[in-house]
Amino acid sequence: MNSRLTELFDGVYSFNSVILTKNLVPGKKVYSEELFHFNKEEFRSWNPNKSKLCAGIKKGLKNFPFRNGSNVLYLGSSEGTTVSHLSDVIGLQGKLIGIDISTRAMHKFLFLCEQRPNIFPVLGDANTPGEYRNKLEGIKFNVLFQDVSQPNQAEIFNKNAEMYLSKNSLGLIAIKAHSIDSSRKPKEVIEAEINELEKKFEILETINLEPFEKHHALIVGRKK
Ligand SMILES: C[S@@+](CC[C@H](N)C(=O)[O-])C[C@H]1O[C@@H](n2cnc3c(N)ncnc32)[C@H](O)[C@@H]1O
């Protein structure tokens, strides 16, 4: 166990095996995370059981393309648990657009957007990316992230990448095998999704998210 604060990636730290991000809004928690203080700076613990991206980090993710100033398109922002940590990482120079189809999730997400000036809500269906084009005008995205429970997860990701992600930029997708086909073996389902992703991406890494998430993989690709 390393009991020193260690920077794992730009803006992502580890302390005693706990993953942390520096709180953009000191004093404010977003969910049930813990607050830590080092050298008069505040950090928030990032829970790998509540965030597939953090689960990926715990499982040895090598490519973490989010940094200070990144512009991120995030599909499936939900109430903003993972988004809040990315908001910490990209800082005030960055911008994250969170797309979600659920009005209920969006309602809570709006409160988070009021507290954090670098995240923006879009109520929309990631299946039809052309419909939110006018809300994304003028933004050049460095990273695409997706976590939606849909049967055509790779297809949705490819469609958005084609429209909004430039060549050589990185995309990360959390694949939930059971949302695609619960009658087939998760490994086969994930392999079929990777085949679909390879139409638009060079796959850099595939991470099995167990024990944090059953039958889930986090896949990182570089846009062709
Ligand atoms: C597992 S949750 C995402 C959790 C979130 N990424 C996090 O880590 O905090 C999946 C989200 O995808 C959203 N979703 C499902 N289908 C969608 C679609 N077609 N377009 C946009 N969002 C969708 C759901 O409403 C839900 O909020």
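Fair warning: this is a prediction, and the values are worked out from it, not measured in the lab. All ligand and atom numbering here is 1-based and tracks the order in the structure.
More than 12 heavy atoms of other residues, nucleotides or ligands shown are found within 6.0 angstrom of NZ on K224.
Numbered from 1 in the order shown, with element, the atoms of ligand 1 that lie under 4.0 Å from a heavy atom of D147 read 1 (C), 3 (C), 4 (C), 5 (C), 6 (N), 8 (O), 10 (C), 11 (C), 12 (O). The ligand atoms of ligand 1 that sit less than 4.0 angstrom from a heavy atom of Y74 are 5 (C), 6 (N), 7 (C), 8 (O). Heavy-atom contacts of A126 reach the following atoms of ligand 1: 18 (C), 19 (N), 20 (N), 21 (C) (cutoff under 4.0 Å). Listed by number with element, the atoms of ligand 1 under 4.0 angstrom from any heavy atom of D125 are 18 (C), 19 (N), 20 (N). Close approach to G124 involves these atoms of ligand 1, each under 4.0 Å from a residue heavy atom: 20 (N), 21 (C).
By the 4.0 Å N-to-carboxylate-O rule, R133 lies too far from E137 to be salt-bridged with it. Between D88 and R116, at least one side-chain nitrogen of the basic residue sits less than 4.0 Å from a carboxylate oxygen of the acidic one, meeting the salt-bridge criterion.
If you look at F38 and F15, their ring centroids are closer than 6.0 Å. In this structure, F66 has its ring center no closer than 6.0 Å to that of H85.
Ranking the protein heavy atoms by distance from atom 23 (C) of ligand 1 puts I101 CG2, 3.5 Å first. Closest to atom 15 (C) of ligand 1, if we only count protein heavy atoms, is Q150 NE2, 3.8 Å. The closest protein non-hydrogen atom to atom 8 (O) of ligand 1 is T82 OG1, 2.5 Å. Of all protein heavy atoms, the one closest to atom 3 (C) of ligand 1 is G76 O, 3.3 Å.
Under the 4.5 Å side-chain heavy-atom criterion for Ile, Leu, Val, Met, Phe, Trp and Tyr, L170 and Y74 are members of the same hydrophobic cluster.
The closest heavy-atom contact to atom 24 (C) of ligand 1, among the options N160, V148, D100, I99, comes from D100.
The main-chain N or O of E205 is never found under 3.5 Å from a side-chain atom of N63 such that the two would form a donor-acceptor pair.
Not a single heavy atom of L75 sits less than 4.0 Å from an atom of ligand 1.
Aromatic ring orientation, Y164 versus F141: perpendicular (interplanar angle above 60°, classes split at 30° and 60°).
Not a single N or O atom of S149, backbone or side chain, sits closer than 3.5 Å to an N or O atom of ligand 1.
In this structure, F201 and K223 have side chains that are in contact, with non-hydrogen atoms separated by less than 4.5 Å.
Residue-level proximity to ligand 1 for K52 is carried by the side chain, the only part with a heavy atom below 4.0 angstrom.
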